[in-house]
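Here is how names work: the chains are called A, B, and so on, in the same order as the sequence lines, proteins then strands, and each is numbered from 1. No experiment lies behind these values; they were computed from the predicted model shown.
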Amino acid sequence: MNDLINVYNALLDEYGHQGWWPIIDYNGSNPTKTGSIKGYHPKDYSFPVNDSQRFEICAGAILAQNTGWINVEKSLVNLKREGLLCAEKIVNSVLQVRELIKPSGYFNLKAGYLENFSRFYLKLNGRIPERKELLAVKGIGKETADSILLYAYKVPVFIVDAYTKRMFNFLGVIDSVDYENIRLFFEGNLPKDYELFEEFHALIVEHAKNFYSKKPYGAGDFLKKII
DNA sequence: TTCCAGGCAATAC
DNA sequence: GTATTGCATGGA
């Protein structure tokens, strides 16, 4: 049998549908409340439903680099409140952006990254970007590029994050730390279905938060028994 | 207090 | 090609 499908089914059974990528409800009474179901949309893979949501996902992917989502959401809410959560405004307000995104860390770097990406985004003029083009933007690495492609554009690329590497090496499903190697393994052994890829990645993160954040990584992981 | 977070680019071997 | 380092806030 396919180990990846077995793992996916076990994770879905354990945690249920994750409703990624979170879309913030800025009209809610407490838009900064996160980690809750607010902003998530289990079993609904229709997002983004407009350009504003699409850009929000892209910006969130950049701000989420090595940073907890709660802090990312604070920055996104700050940007939205000031009307700066869009490419057109960001390119002309970099200094202001820099202050507004402080909660999500690396604010000097990420302000530049958001500016670079925004210029690129505007040039796209609605077109779906190529992976190669995204990687050419300074600040957009492999994981961020693939997060944008999968969650903002529904392109079926498999996202490989630090958790994915740790978890599947521990389980013995893979024996590699090379990003492209791992990505192609997942893409080659799963149906090329963006909904499946979105759900699987979200489930991996949820599971890894429980079993692969603290050393020794993998301790107590019940998945070890089904592989 | 220490450790970690849904990485990336620059630099050193 | 692989290993290391700086970047930064906030929560556990």
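- Aromatic ring centres of A:Phe185 and A:Phe168: separated by at least 6.0 Å.
- For the OP1/OP2 pair of B:dA5 and a distance below 4.0 Å, the side-chain nitrogens and oxygens of A:Ser213 include at least one atom meeting the criterion.
- Rounding to the nearest 0.5 angstrom, the gap separating the CD atom in A:Gln96 from the CG atom in A:Asn78 is 10.5 Å.
- If you take NZ of A:Lys110 and C1' of C:dG6, they are 14 Å apart, rounded to a whole angstrom.
- Side-chain nitrogen and oxygen atoms of A:Lys138 include at least one within less than 4.0 Å of the OP1 or OP2 phosphate oxygen of B:dA10.
- Taking side-chain N and O atoms only, A:Lys142 has no distance below 4.0 Å to OP1 or OP2 of B:dA9.
- For C:dA8, the OP1/OP2 oxygens have a side-chain nitrogen or oxygen of A:Asn108 closer than 4.0 Å.
- For an aromatic pair to be called close, the ring centres must be under 6.0 Å apart, and A:Phe200 with A:Tyr8 satisfies this.
- The OH-C1' distance, from A:Tyr113 to C:dA8, rounds to 13 Å in whole Å.
- Summarising the geometry, the separation between CD1 on A:Ile182 and C1' on B:dG7 is reported as 15 Å, rounded to the nearest angstrom.
- Ion pair A:Glu143/A:Lys165 not flagged as a salt bridge, since none of the NZ, NE, NH1 or NH2 atoms sits closer than 4.0 Å to an Asp/Glu carboxylate oxygen.
- With B:dC8, C:dT9, C:dC7 as the candidates, the nucleotide lying closest to the side chain of A:Asn71 is C:dT9.
- For A:Tyr163 and B:dA5, the shortest distance from a side-chain N or O to OP1 or OP2 is below 4.0 Å.
- Nucleic acid contact for A:Val137: sugar-phosphate only, since backbone atoms but no base atoms lie under 4.0 Å from a heavy atom of the residue.
- Atom C1' of nucleotide C:dT9 and atom CD of A:Gln65 are separated by 15 Å, given to the nearest angstrom.
- Distance A:Leu63 CG to B:dG7 P: 13 Å, rounded to the nearest Å.
- Nucleotides of DNA chain B nearest to A:Ile140 and A:Ala61 differ in position, and the one nearer the 5' end is that of A:Ala61.
- Going from the P atom of B:dA10 to that of C:dA8 covers 14 Å, rounded to whole Å.
- Ring orientation note: the planes of A:Tyr15 and A:Phe222 are tilted relative to one another, at an angle of 30° to 60°.
- We find that CD of A:Glu73 is positioned 15 Å from C1' of C:dG11, with the value rounded to whole Å.
- Contact annotation for A:Ile62: no contact, since no heavy-atom pair falls under 4.0 Å across all strands.
- Distance from the side chain of A:Pro103 is smallest to C:dG10 among C:dG10, B:dC8, C:dA8.
- Atom C1' of nucleotide B:dC8 and atom CG of A:Asp161 are separated by 14 Å, given to the nearest angstrom.
- The distance from atom NZ of A:Lys209 to atom P of C:dG11 is 15 Å, rounded to the nearest whole Å.
- Considering only side-chain N and O atoms, A:Arg166 lies nowhere under 4.0 angstrom from the phosphate OP1 or OP2 of B:dC4.
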